[in-house]
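The structure displayed is predicted, hence computed values, not measured ones.
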Amino acid sequence: MVMGEKGLMSRILCPKFGGYLTFGTLEMGKVSAPGQPTVEDLLNLYNFRQLGPDTKIFGIIGKPVSHSKSPLLYNESFRSVGFNGVFMHLLVDDIANFFRTYSSLDFAGFSCTIPHKEAALDCCAEIDPTAKAIGAVNCIIRRPDGKLFGCNTDYIGAISAIEEGLQGSQPSISGSPLAGKLFVVIGAGGAGKAIAYGAKEKGARVVIANRTYERARELAIVVGAEALSLDELSNFHPENDMILANTTSIGMQPKVDDTPISKEALKHYSLVFDAVYTPKITRLLREAQESGAKIVTGVEMFIGQAYEQYERFTGLPAPKELFKNIMSTY
């Protein structure tokens with residue numbers, strides 16, 4: 001048994017690797033050693049009784065990562081169709097070292113989140129052209145020869161959710177309600193790159209705002225956008241009916257009182273999207289709604305990007321209604 005959050009896999013994977021026993025606590029928070037899951041989570045979240053030598057291992061790589069709802073989504077979906085897999089949180093400091101260490105075919109597929117989406121590119125033997133253009137990977141599959149294939153499903157999930165949020169707006173000539181819109185992306189990391197790329201593809205005029213102006217400028221050059229520092233954003237309103245997409249972790253639990261932009265500035269936006277989904281309604285989204293903007297939550301992006309990942313993990317069609325039902329309580 002390995003203690004703490006990083007040791008969670010050693011507690012869950014006992015039945016797969018021939019471990020004699022594992023420990024779970026009967027009550028959340030009352031543990032006899034750090035990192036113990038509850039018995040209820042072992043049985044009902046991780047499908048512990050169904051795990052065996054042939055079970056494929058999937059997980060979400062990130063830091064922080066314990067907030068992610070991915071295990072809930074995938075494990076229930078695996079169970080619903082009898083797919084022999086388990087999905088878990090993987091707290092990772094160094095992604096290259098992680099892949100060197102966990103190199104067996106048992107570790108079959110990974111979601112990838114902050115801050116590893118860009119570093120993951122260098123770990124993949126093959127990268128989908130769109131992910132290469134974006135410069136970030138959020139889904140990694142281990143091929144039968146052991147080599148890693150990387151792709152990006154973030155931009156599909158976010159852009160389709162934003163387009164749905166805009167439906168009812170007059171469709172533009174290109175067919176996308178984003179065409180011609182001024183689209184402001186907060187953040188120049190992996191998710192920021194994906195959403196900026198997707199918005200540009202749909203014909204939007206893109207602006208990148210980032211705490212570090214240089215990073216905003218680098219991304220702006222790549223996608224053909226304008227760059228701002230985050231400090232400038234509250235005074236940036238060249239027109240009304242703009243679209244705002246926060247791709248940073250600002251406002252994520254536990255710092256739920258943080259927001260990347262003043263409430264006063266939000267009146268210039270017709271739609272505001274936040275990639276953060278813990279909590280579902282962030283301070284940014286609450287204040288946007290109060291300012292009269294439509295809002296799109298990170299839950300909608302999360303579900304959208306998970307469809308393709310599930311299909312790549314399992315080779316089965318994504319159970320879309322089940323995904324929506326699982327996440328409807330969050």
Side-chain angles (χ1 to χ4, degrees), residues 45 58-78 80 87-91 109-117 120 131 134 136-140 151-166 185-187 189-199 243-253 256 260 271-286 288 294-314 317-330:
L45 171 57
F58 303 87
I60 179 159
I61 294 169
K63 187 183 180 181
V65 77
S66 62
H67 65 281
S68 173
K69 299 288 189 286
S70 293
L72 184 77
L73 191 71
Y74 289 108
N75 286 324
E76 189 167 330
S77 303
F78 290 167
S80 74
F87 192 104
M88 66 187 71
H89 297 110
L90 299 169
L91 178 62
F110 310 90
S111 304
C112 189
T113 190
I114 294 170
H116 298 307
K117 294 183 183 191
I134 291 167
V137 157
N138 77 314
C139 177
I140 300 165
C151 59
N152 192 304
T153 67
D154 273 339
Y155 79 104
I156 300 166
I159 296 299
S160 58
I162 291 167
E163 284 183 322
E164 278 179 37
L166 285 171
V185 178
I186 301 175
K193 287 179 174 179
I195 291 172
Y197 175 90
I243 294 164
L244 183 69
N246 174 43
T247 71
T248 72
S249 59
I250 298 170
M252 188 169 85
Q253 285 174 349
V256 294
L271 181 141
V272 175
F273 161 79
D274 199 338
V276 171
Y277 67 89
T278 51
K280 181 177 179 178
I281 302 296
T282 57
R283 179 181 165 188
L284 172 65
L285 293 183
R286 187 177 67 251
K294 292 179 179 177
I295 63 167
V296 176
T297 72
V299 170
E300 289 151 86
M301 173 190 174
F302 174 69
I303 292 171
Q305 61 83 34
Y307 292 153
E308 186 182 337
Q309 291 204 37
Y310 177 91
E311 291 175 358
R312 288 185 180 275
F313 290 160
T314 65
K320 295 186 178 182
E321 287 308 309
L322 179 62
F323 276 17
K324 287 174 184 170
N325 290 341
I326 293 168
M327 296 307 296
S328 65
T329 53
Y330 290 93

Test item: [X] and [Y] side chains (from C-beta on) under 4.5 Å apart, heavy atoms:
X: Ile134; Y: Asp154; result: no
X: Asn138; Y: Thr113; result: no
X: Ile60; Y: His89; result: yes
X: Leu284; Y: Ile250; result: no

To the nearest 0.5 Å, tell me how far [X] [atom1] sits from [Y] [atom2].
X: Asn325; Y: Leu73; atom1: CG; atom2: CG; answer: 11.0 Å
X: Leu90; Y: His116; atom1: CG; atom2: NE2; answer: 10.0 Å
X: Leu166; Y: Phe273; atom1: CG; atom2: CZ; answer: 12.0 Å
X: Phe87; Y: Gln309; atom1: CZ; atom2: CD; answer: 7.0 Å
X: Thr248; Y: Ile186; atom1: OG1; atom2: CD1; answer: 6.5 Å
X: Thr247; Y: Met301; atom1: OG1; atom2: CE; answer: 8.5 Å

Who pairs with Thr297 by side chain to side chain donor-acceptor pair (under 3.5 Å), at least two apart in sequence or on another chain?
->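 Glu300.
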Partner set under side chain to side chain donor-acceptor pair (under 3.5 Å) for Thr282, not counting sequence neighbours |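 Thr282: side chain to side chain donor-acceptor pair (under 3.5 Å) contacts with Asp274.
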Exercise: identify the closest heavy-atom pair between [X] and [Y]:
X: Val256; Y: Pro279; value: CG1-CD, 3.7 Å
X: Phe313; Y: Cys139; value: CE2-SG, 4.2 Å
X: Pro64; Y: His67; value: O-CE1, 3.5 Å
X: Ile195; Y: Ile159; value: O-CD1, 3.8 Å
X: Val137; Y: Ala131; value: CG2-CB, 4.2 Å

Ignoring hydrogens and angles, tell me if any N or O in the side chain of Gln305 forms a donor-acceptor pair with the backbone of Thr153 under 3.5 Å.
-> no
In sequence, state the C-alpha distance, the side-chain angles, and the governing distance for Val65 and Ile61, and then conclude on side chain to side chain contact (heavy atoms under 4.5 Å, CB included).
-> CA-CA 7 Å; Val65 77; Ile61 294 169; over 6 Å; no
Show your working on side chain to side chain contact (heavy atoms under 4.5 Å, CB included) between Ser111 and Phe58 and close with a plain yes or no.
-> CA-CA 8 Å; Ser111 304; Phe58 303 87; over 6 Å; no
Kindly assign one of parallel, tilted or perpendicular to the pair Tyr310 and Tyr74, based on the angle between their ring planes and the thresholds 30° and 60°.
->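 Tyr310 vs Tyr74 ring planes: parallel.
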